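These numbers were taken from a predicted model, which means no experiment stands behind them.
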Amino acid sequence: MAAPGGVEEMRSRVVLGEFGVRNVHTTDFPGNYAGYDDSWDKEKFEKNFRVDVIHMDESTLEFDMVGIDAAIANAFRRILLAEVPTMAVEKVFVYNNTSIVQDEILAHRLGLIPIRADPRLFEYKSEEDECDEINTLQFQLKIKCSKNPQAAKESSDPNELYINHKVYSKHMEWVPLGSQADNLNADFRPVHDDILIAQLRPGQEIDVLMHCVKGIGKDHAKFSPVATASYRLLPEITLLQPIEGEAAERLKKCFSPGVIEIQEIKGKKLARVANARLDTFSREIFRHDDLKTLVRLARVRDHYIFSVESTGVLPPDVLVSEAIKVLMGKCQRFLEELKSIQRK
């Protein structure tokens, strides 16, 4: 832990005060502090850098990235949002639409439905390219609403009165192009079956054909593979002196659940920091004049807690690995540009 007010605190901690935040600027560049060699060193970086997976399931991933600068962390977040490719509906051919949803709105709603398809199996499609099995996925939505002849006469429930009166994403059927069914050996479909597209009444129908292509979120939000991709600095809460009794109970209420716990030692209730990671830093502590000087709130400057929530197109761990590949590609292109300039 960095000493309060010292040089090491300025270098490694962002401190939250009652009326402002200190040490927010990056200062780890050569010559900023006397006696500190902050020049970038590959061996030092490899020694300090690490990635710790905290939680992972089929749709979310939380991991710590330690030992990097804010610019790299933010670049990684932006790549996840806007530069990892996915497949999404690009063209909608409307053969018949007698629902109350206009063609343009219907096409927009279809475009935002996430498609479970690995974009690594496909190539980007330009305007000049023909649609084929390499660059296009084709879906069909053909459904018509009718009356239910077996419905009770006194019923007023649309679910009993009508058949196919709700159009869901599960009604989208994959129509293989070329040799897709044989070569890809995949079942392409919407991520969720229960996305409501439109509601129909007897006699109304929707008959459309959709072409899905490969794209990135920078071109349109429908291609973004994540629902959220964010990071925050690791919280650090320090009790500057023992806090006991009623003050300890009030201290516990100032933070998120699980951050502060009360221990009973020799008949006294003492507060301790149980898990600072859970705190959201509401700074409620500064409302209490007798407590605000006893607690130091800070964030570790180079410790980032990443949260990635996939839309379901790809697992979150695959999205992270793809984002790393994109970042590596950017670095490689930059190095090639430098080499080409030097040759000139």
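Checking Asp157 against Ser155 by side-chain atom types alone, no donor-acceptor pair falls below 3.5 Å. Side-chain contact check for Asp193 and His171: no donor-acceptor pair (N or O, by modelled atom type) lies under 3.5 Å. Between the side chains of Asn97 and Asp103, at least one donor-acceptor pair of N or O atoms lies under 3.5 Å.
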Show the numbers, then the answer: is there a ring pair (Phe, Tyr, Trp, His ring centres under 6.0 Å) between Phe93 and His211?
CA-CA 8 Å; Phe93 302 92; His211 284 176; 5.0 Å; yes
Going through the distances and angles, do Glu284 and Arg287 end up as a salt bridge (charged side-chain N to carboxylate O under 4.0 Å, His left out)?
CA-CA 6 Å; Glu284 178 71 18; Arg287 292 177 179 270; 3.1 Å; yes
Check the pair Glu246, Arg250 against salt bridge (charged side-chain N to carboxylate O under 4.0 Å, His left out), reporting the backbone distance first and the verdict last.
CA-CA 6 Å; Glu246 183 270 339; Arg250 284 191 291 121; 2.6 Å; yes
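Heavy-atom contacts from other residues, nucleotides or ligands closer than 6.0 Å to CE of Met56 number 12 or fewer. Counting non-hydrogen atoms of other residues, nucleotides and ligands closer than 6.0 Å to CD1 of Ile324 gives a total above 12. Enclosure of atom CD in Glu46 by more than 12 non-hydrogen atoms of other residues, nucleotides or ligands within 6.0 angstrom is indicated. Enclosure of atom NZ in Lys269 is not indicated, since only 12 or fewer non-hydrogen atoms of other residues, nucleotides or ligands lie within 6.0 angstrom.
Under the 6.0 Å cut-off for aromatic ring centres, Tyr168 and His192 do not qualify, their centroids lying 6.0 Å or more apart. Checked against a 6.0 Å centroid threshold, the rings of Phe306 and Phe76 count as neighbours. Separation of the Phe122 and Phe188 ring centroids falls under the 6.0 Å cut-off.
By the 4.0 Å N-to-carboxylate-O rule, Glu123 lies too far from Lys214 to be salt-bridged with it. A salt bridge is absent between Glu83 and Lys325; no separation between the charged side-chain nitrogens and carboxylate oxygens falls under 4.0 Å.
In this structure, Phe45 and Phe49 have parallel ring planes: the angle between them is below the 30° cut-off, well short of the 60° mark.
Expressed to the nearest 0.5 Å, how far CG of Leu161 lies from NZ of Lys147 amounts to 9.0 Å. Atom CD1 of Ile143 is separated from atom CG of Asn164 by 4.0 Å, given to the nearest 0.5 angstrom.
Under a 3.5 Å cut-off, the side chain of Asp279 and the backbone N or O of Ala276 do not form any donor-acceptor pair.
The side chain to side chain donor-acceptor pair (under 3.5 Å) test with Asn96 is passed by exactly one of Glu205, Gln204, Lys142: Glu205. The side chain to side chain donor-acceptor pair (under 3.5 Å) test with Glu236 singles out one residue from Arg277, Arg13, His303, Arg299, and that residue is Arg13.
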